[in-house]
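A short worksheet on the structure shown next.
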Amino acid sequence: MWRGDAEKSLVTERLVLRRWRESDKAPFRKLNADARVAAFLRGPLDAVASDAMVERIERHFERNGFGLFAVEVRESGEFAGFIGLSVADFAAAFTPAVEIGWRLAAEHWGKGLATEGAREVLCYGFDEIGLSDVVSFTVPANARSRAVMERLGMSRDPTEDFVHPNVSEGDDLRLHVLYRLEREAWARGVKG
Ligand SMILES: CC(C)(COP(=O)(O)OP(=O)(O)OC[C@H]1O[C@@H](n2cnc3c(N)ncnc32)[C@H](O)[C@@H]1OP(=O)(O)O)[C@@H](O)C(=O)NCCC(=O)NCCS
(Lines give C-alpha, C1' and ligand atoms only; values in the text may rest on other atoms or scores of the structure.)
Protein backbone atom coordinates (compact mmCIF):
# COMPACT_ATOMS: atom_id res chain seq x y z
CA MET A 1 0.00 0.00 0.00
CA TRP A 2 2.54 2.60 1.19
CA ARG A 3 6.28 2.02 0.95
CA GLY A 4 9.35 3.92 2.15
CA ASP A 5 13.10 3.33 2.04
CA ALA A 6 13.85 1.41 5.24
CA GLU A 7 17.44 2.69 5.44
CA LYS A 8 16.46 6.36 5.22
CA SER A 9 17.59 8.79 7.95
CA LEU A 10 16.40 12.38 8.25
CA VAL A 11 18.48 15.30 9.47
CA THR A 12 17.15 18.61 10.81
CA GLU A 13 18.93 21.58 12.33
CA ARG A 14 19.12 19.92 15.76
CA LEU A 15 18.14 16.27 15.24
CA VAL A 16 18.93 13.05 13.44
CA LEU A 17 15.98 10.71 12.89
CA ARG A 18 17.22 7.19 12.21
CA ARG A 19 16.65 3.46 12.65
CA TRP A 20 16.94 2.10 16.19
CA ARG A 21 20.13 0.81 17.80
CA GLU A 22 20.55 -1.62 20.66
CA SER A 23 21.97 1.28 22.72
CA ASP A 24 18.66 3.21 22.42
CA LYS A 25 16.87 0.61 24.51
CA ALA A 26 18.19 1.75 27.90
CA PRO A 27 17.28 5.46 27.52
CA PHE A 28 13.95 4.42 25.95
CA ARG A 29 13.17 2.31 29.06
CA LYS A 30 13.89 5.32 31.24
CA LEU A 31 11.64 7.54 29.14
CA ASN A 32 8.80 4.99 29.21
CA ALA A 33 9.04 4.62 33.00
CA ASP A 34 8.53 8.38 33.48
CA ALA A 35 5.01 9.22 34.70
CA ARG A 36 5.14 12.62 32.93
CA VAL A 37 5.69 10.94 29.57
CA ALA A 38 3.06 8.29 30.26
CA ALA A 39 0.37 10.66 31.57
CA PHE A 40 -1.84 10.22 28.49
CA LEU A 41 -0.52 6.84 27.38
CA ARG A 42 -2.24 4.32 29.65
CA GLY A 43 0.50 4.24 32.25
CA PRO A 44 4.28 3.83 32.29
CA LEU A 45 5.85 0.82 30.56
CA ASP A 46 8.22 -1.56 32.31
CA ALA A 47 11.53 -2.59 30.70
CA VAL A 48 10.08 -5.67 28.99
CA ALA A 49 7.20 -3.71 27.45
CA SER A 50 9.55 -0.91 26.40
CA ASP A 51 11.95 -3.32 24.64
CA ALA A 52 8.98 -5.07 23.01
CA MET A 53 7.87 -1.72 21.62
CA VAL A 54 11.30 -1.20 20.02
CA GLU A 55 10.99 -4.63 18.40
CA ARG A 56 7.51 -3.78 17.08
CA ILE A 57 8.78 -0.48 15.68
CA GLU A 58 11.69 -2.20 13.93
CA ARG A 59 9.36 -4.85 12.46
CA HIS A 60 7.15 -2.03 11.19
CA PHE A 61 10.19 -0.50 9.38
CA GLU A 62 10.95 -3.86 7.78
CA ARG A 63 7.35 -4.39 6.69
CA ASN A 64 6.58 -0.88 5.43
CA GLY A 65 9.94 0.77 4.79
CA PHE A 66 9.08 3.58 7.20
CA GLY A 67 8.29 3.88 10.88
CA LEU A 68 8.80 5.71 14.14
CA PHE A 69 12.38 6.98 13.92
CA ALA A 70 14.72 6.98 16.91
CA VAL A 71 15.56 10.63 17.62
CA GLU A 72 19.11 11.68 18.37
CA VAL A 73 20.14 15.20 19.43
CA ARG A 74 22.95 16.21 17.06
CA GLU A 75 24.84 18.38 19.51
CA SER A 76 25.13 15.74 22.25
CA GLY A 77 24.49 12.46 20.44
CA GLU A 78 21.85 11.77 23.09
CA PHE A 79 18.80 9.57 22.38
CA ALA A 80 15.68 11.71 22.92
CA GLY A 81 12.71 9.48 21.95
CA PHE A 82 10.84 8.85 18.71
CA ILE A 83 9.13 10.81 15.95
CA GLY A 84 7.79 9.19 12.81
CA LEU A 85 5.06 7.46 10.88
CA SER A 86 3.11 4.31 11.56
CA VAL A 87 0.21 2.52 9.95
CA ALA A 88 -2.99 2.70 12.01
CA ASP A 89 -5.01 -0.36 11.08
CA PHE A 90 -7.26 -0.89 14.08
CA ALA A 91 -11.01 -0.77 13.44
CA ALA A 92 -12.11 2.86 13.10
CA ALA A 93 -13.89 5.00 10.52
CA PHE A 94 -10.64 6.61 9.30
CA THR A 95 -8.41 3.50 9.11
CA PRO A 96 -6.28 2.22 7.49
CA ALA A 97 -4.28 5.44 7.59
CA VAL A 98 -0.73 6.64 8.18
CA GLU A 99 -0.31 8.30 11.54
CA ILE A 100 2.38 10.76 12.58
CA GLY A 101 3.45 10.33 16.20
CA TRP A 102 6.02 11.47 18.77
CA ARG A 103 7.27 10.68 22.25
CA LEU A 104 10.23 12.53 23.77
CA ALA A 105 11.94 12.34 27.16
CA ALA A 106 10.60 15.16 29.36
CA GLU A 107 13.98 16.92 29.53
CA HIS A 108 13.66 17.52 25.78
CA TRP A 109 10.21 19.11 25.91
CA GLY A 110 9.70 22.84 25.47
CA LYS A 111 12.45 23.30 22.86
CA GLY A 112 10.48 22.83 19.67
CA LEU A 113 12.18 19.49 18.94
CA ALA A 114 9.01 17.46 18.37
CA THR A 115 7.69 19.98 15.86
CA GLU A 116 11.09 20.31 14.15
CA GLY A 117 11.39 16.55 13.67
CA ALA A 118 7.75 16.12 12.68
CA ARG A 119 8.03 18.80 9.96
CA GLU A 120 10.84 16.82 8.34
CA VAL A 121 8.85 13.60 8.69
CA LEU A 122 5.92 15.24 6.86
CA CYS A 123 8.23 16.29 4.00
CA TYR A 124 9.46 12.72 3.80
CA GLY A 125 5.95 11.25 3.96
CA PHE A 126 4.40 13.53 1.36
CA ASP A 127 7.31 14.09 -1.03
CA GLU A 128 9.07 10.73 -0.94
CA ILE A 129 6.60 8.09 0.24
CA GLY A 130 3.86 9.87 -1.71
CA LEU A 131 1.22 9.88 1.01
CA SER A 132 -1.97 11.79 0.20
CA ASP A 133 -2.80 12.50 3.82
CA VAL A 134 -1.53 11.93 7.33
CA VAL A 135 -3.53 11.65 10.55
CA SER A 136 -2.68 12.07 14.20
CA PHE A 137 -4.74 11.40 17.28
CA THR A 138 -4.62 11.65 21.03
CA VAL A 139 -6.84 12.03 24.07
CA PRO A 140 -8.48 15.47 24.36
CA ALA A 141 -6.45 16.37 27.48
CA ASN A 142 -3.04 15.87 25.82
CA ALA A 143 -2.58 19.57 25.11
CA ARG A 144 1.14 19.33 24.30
CA SER A 145 0.57 16.74 21.63
CA ARG A 146 -2.41 18.62 20.18
CA ALA A 147 -0.30 21.79 20.08
CA VAL A 148 2.29 19.95 17.95
CA MET A 149 -0.50 18.83 15.57
CA GLU A 150 -1.76 22.40 15.32
CA ARG A 151 1.73 23.84 14.75
CA LEU A 152 2.11 21.39 11.88
CA GLY A 153 -1.05 22.80 10.28
CA MET A 154 -3.20 19.75 11.02
CA SER A 155 -6.91 20.31 11.54
CA ARG A 156 -9.57 18.62 13.61
CA ASP A 157 -13.16 17.94 12.73
CA PRO A 158 -14.95 17.18 16.04
CA THR A 159 -17.38 14.88 14.20
CA GLU A 160 -14.38 12.56 13.67
CA ASP A 161 -13.63 12.16 17.40
CA PHE A 162 -13.56 8.41 18.06
CA VAL A 163 -13.43 5.76 20.75
CA HIS A 164 -10.16 3.84 20.48
CA PRO A 165 -11.04 0.15 20.09
CA ASN A 166 -7.84 -0.98 21.86
CA VAL A 167 -8.62 0.93 25.08
CA SER A 168 -10.88 -0.92 27.47
CA GLU A 169 -14.36 0.24 28.32
CA GLY A 170 -14.50 2.55 31.32
CA ASP A 171 -10.93 3.79 30.75
CA ASP A 172 -10.69 7.61 30.80
CA LEU A 173 -8.32 7.48 27.83
CA ARG A 174 -10.82 5.91 25.42
CA LEU A 175 -12.07 9.00 23.63
CA HIS A 176 -9.67 10.43 21.03
CA VAL A 177 -9.55 13.54 18.87
CA LEU A 178 -8.47 13.07 15.26
CA TYR A 179 -6.38 15.56 13.30
CA ARG A 180 -5.66 15.37 9.57
CA LEU A 181 -3.34 16.98 7.09
CA GLU A 182 -3.76 16.55 3.35
CA ARG A 183 -0.82 16.82 1.03
CA GLU A 184 -2.30 19.85 -0.80
CA ALA A 185 -2.89 21.78 2.43
CA TRP A 186 0.61 20.88 3.63
CA ALA A 187 2.18 21.99 0.34
CA ARG A 188 0.31 25.31 0.46
CA GLY A 189 1.55 25.91 4.01
CA VAL A 190 5.14 24.78 3.50
CA LYS A 191 5.83 25.80 -0.07
CA GLY A 192 3.56 28.89 -0.17
C1 LIG B 1 3.94 15.55 22.81
C2 LIG B 1 5.36 16.01 23.01
C3 LIG B 1 6.27 15.31 22.01
C4 LIG B 1 5.40 17.53 22.77
O5 LIG B 1 6.67 18.05 23.05
P6 LIG B 1 6.91 19.66 23.12
O7 LIG B 1 8.30 19.88 23.47
O8 LIG B 1 5.84 20.26 23.94
O9 LIG B 1 6.60 20.10 21.61
P10 LIG B 1 7.45 20.98 20.61
O11 LIG B 1 8.68 20.29 20.22
O12 LIG B 1 6.55 21.42 19.54
O13 LIG B 1 7.89 22.22 21.51
C14 LIG B 1 7.04 23.33 21.68
C15 LIG B 1 7.47 24.14 22.85
O16 LIG B 1 8.86 24.49 22.73
C17 LIG B 1 9.01 25.93 22.80
N18 LIG B 1 10.26 26.27 22.09
C19 LIG B 1 11.44 26.60 22.72
N20 LIG B 1 12.40 26.78 21.82
C21 LIG B 1 11.85 26.59 20.59
C22 LIG B 1 12.37 26.64 19.27
N23 LIG B 1 13.65 26.90 19.02
N24 LIG B 1 11.52 26.37 18.25
C25 LIG B 1 10.24 26.10 18.47
N26 LIG B 1 9.69 26.02 19.73
C27 LIG B 1 10.49 26.27 20.77
C28 LIG B 1 7.71 26.42 22.24
O29 LIG B 1 7.48 27.76 22.63
C30 LIG B 1 6.74 25.48 22.92
O31 LIG B 1 6.63 25.80 24.27
P32 LIG B 1 5.27 25.67 25.13
O33 LIG B 1 4.99 24.22 25.26
O34 LIG B 1 5.61 26.33 26.39
O35 LIG B 1 4.22 26.37 24.31
C36 LIG B 1 5.86 15.70 24.45
O37 LIG B 1 5.05 16.40 25.35
C38 LIG B 1 5.80 14.21 24.78
O39 LIG B 1 6.69 13.44 24.41
N40 LIG B 1 4.75 13.78 25.53
C41 LIG B 1 4.64 12.42 26.00
C42 LIG B 1 4.27 11.43 24.94
C43 LIG B 1 2.97 11.76 24.27
O44 LIG B 1 1.98 12.10 24.91
N45 LIG B 1 3.00 11.62 22.94
C46 LIG B 1 1.84 11.89 22.13
C47 LIG B 1 0.90 10.76 22.17
S48 LIG B 1 -0.47 11.11 21.08
Side-chain angles (χ1 to χ4, degrees), residues 10-17 20 24 27-46 49-50 52-54 56-57 60 67-76 78-90 92 94-95 97-125 134-158 160-167 171-181 186 189-190:
L10 306 179
V11 180
T12 71
E13 192 187 333
R14 294 177 290 173
L15 303 173
V16 179
L17 277 59
W20 291 68
D24 299 328
F28 193 51
R29 284 181 200 150
K30 186 164 169 249
L31 172 169
N32 281 320
D34 184 338
R36 291 169 295 177
V37 172
F40 304 109
L41 301 174
R42 284 177 271 159
L45 298 183
D46 65 18
S50 179
M53 186 169 187
V54 175
R56 278 201 307 280
I57 291 172
H60 185 290
L68 297 170
F69 292 102
V71 174
E72 190 178 299
V73 178
R74 287 175 64 187
E75 196 178 39
S76 59
E78 214 181 343
F79 170 86
F82 68 68
I83 304 172
L85 299 169
S86 65
V87 175
D89 55 6
F90 53 81
F94 65 94
T95 58
V98 175
E99 176 197 359
I100 185 164
W102 33 73
R103 184 180 303 183
L104 297 183
E107 57 269 29
H108 295 291
W109 296 3
K111 300 177 189 169
L113 294 177
T115 300
E116 180 176 317
R119 286 209 166 103
E120 197 60 32
V121 166
L122 286 176
C123 289
Y124 175 54
V134 168
V135 301
S136 196
F137 46 84
T138 189
V139 296
N142 195 347
R144 280 189 171 273
S145 192
R146 293 180 65 171
V148 177
M149 297 170 197
E150 284 161 17
R151 280 191 282 273
L152 295 174
M154 304 189 84
S155 53
R156 171 189 173 219
D157 174 352
E160 289 197 295
D161 288 1
F162 70 101
V163 168
H164 201 304
N166 299 345
V167 184
D171 192 318
D172 285 348
L173 300 179
R174 253 190 133 205
L175 181 68
H176 282 63
V177 289
L178 180 74
Y179 284 73
R180 290 180 182 274
L181 184 59
W186 166 80
V190 170

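As the structure lists them, so they are numbered: ligands from 1, and atoms in each ligand from 1. Just so you know, these numbers use all the heavy atoms, side chains as well, and skip hydrogens, waters and symmetry mates.
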Of the protein's non-hydrogen atoms, which lies at the shortest distance from [atom], and what is that distance?
atom: atom 2 (C) of ligand 1; value: W102 CD1, 4.3 Å
atom: atom 12 (O) of ligand 1; value: T115 OG1, 2.4 Å
atom: atom 31 (O) of ligand 1; value: G110 CA, 4.4 Å
atom: atom 22 (C) of ligand 1; value: K111 O, 3.3 Å
atom: atom 34 (O) of ligand 1; value: R144 NH2, 4.9 Å
atom: atom 26 (N) of ligand 1; value: G112 CA, 3.3 Å
atom: atom 4 (C) of ligand 1; value: V148 CG2, 3.8 Å
atom: atom 35 (O) of ligand 1; value: R151 NH1, 4.5 Å

- Item | Minimum non-hydrogen distance to atom 3 (C) of ligand 1, winning option of A114, G117, A143 |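 Selected option, by shortest heavy-atom distance: A114.
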
- Options L104, D34, V37, ranked by nearest heavy atom to atom 39 (O) of ligand 1, top entry: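 Selected option, by shortest heavy-atom distance: L104.
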
Any donor and acceptor pair, going by atom type alone, linking the side chain of [X] with main-chain N or O of [Y] inside 3.5 Å?
X: R146; Y: P140; value: yes
X: R14; Y: K111; value: yes
X: S136; Y: Y179; value: no

- Please verify whether a non-hydrogen atom of F40 lies at under 4.0 Å from ligand 1.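 No, F40 has no heavy atoms under 4.0 Å from ligand 1.
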
- Is there side-chain contact between E116 and I83, with heavy atoms separated by less than 4.5 Å?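 No. Closest side-chain heavy atoms not under 4.5 Å.
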
- Message: Any non-hydrogen side-chain atom of V54 less than 4.5 Å from a side-chain atom of D24?
- Response: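 No - every pair of side-chain heavy atoms lies 4.5 Å or more apart.
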
- Task: Quick one: sort the W20 and F82 rings into parallel, tilted or perpendicular, breaks at 30° and 60°.
- Result: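 The rings of W20 and F82 sit tilted, inter-plane angle from 30° to 60°.
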
- Name the orientation class of the two ring planes belonging to F94 and F90 (parallel below 30°, tilted from 30 to 60°, perpendicular beyond 60°).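 F94 vs F90 ring planes: perpendicular.
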
- How far does CG of D34 sit from CD of E107, to the nearest 0.5 angstrom?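 Separation between the atoms: 7.5 Å.
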
Residue [X] vicinity, atoms of ligand 1 by number, heavy atom under 4.0 Å:
X: L113; answer: 11 (O)
X: T138; answer: 48 (S)
X: F137; answer: 48 (S)
X: S145; answer: 1 (C), 46 (C), 48 (S)
X: R103; answer: 39 (O), 42 (C)

- Message: Counting only heavy atoms not in N166 (residues, nucleotides, ligands), do more than 12 fall under 6.0 Å from its CG?
- Response: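 Atom CG in N166 is crowded, with more than 12 foreign heavy atoms closer than 6.0 Å.
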
- Close N or O approach (R36, ligand 1; < 3.5 Å):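 No.
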
- Query: Would you say the side-chain atoms of T12 and E120 include a donor-acceptor pair closer than 3.5 Å?
  - Reply: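 Their side chains do not contain a donor-acceptor pair, so the 3.5 Å distance test is not met.
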
- Looking at atom 29 (O) of ligand 1, is any protein heavy atom nearer than 4.0 Å to it?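 It does not: no protein heavy atom is found less than 4.0 Å away from atom 29 (O) of ligand 1.
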
- Message: Please find the pair of heavy atoms, one from L178 and one from D161, that lie closest to each other, and give the distance.
- Response: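 Shortest heavy-atom contact: N-OD1, 4.2 Å.
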
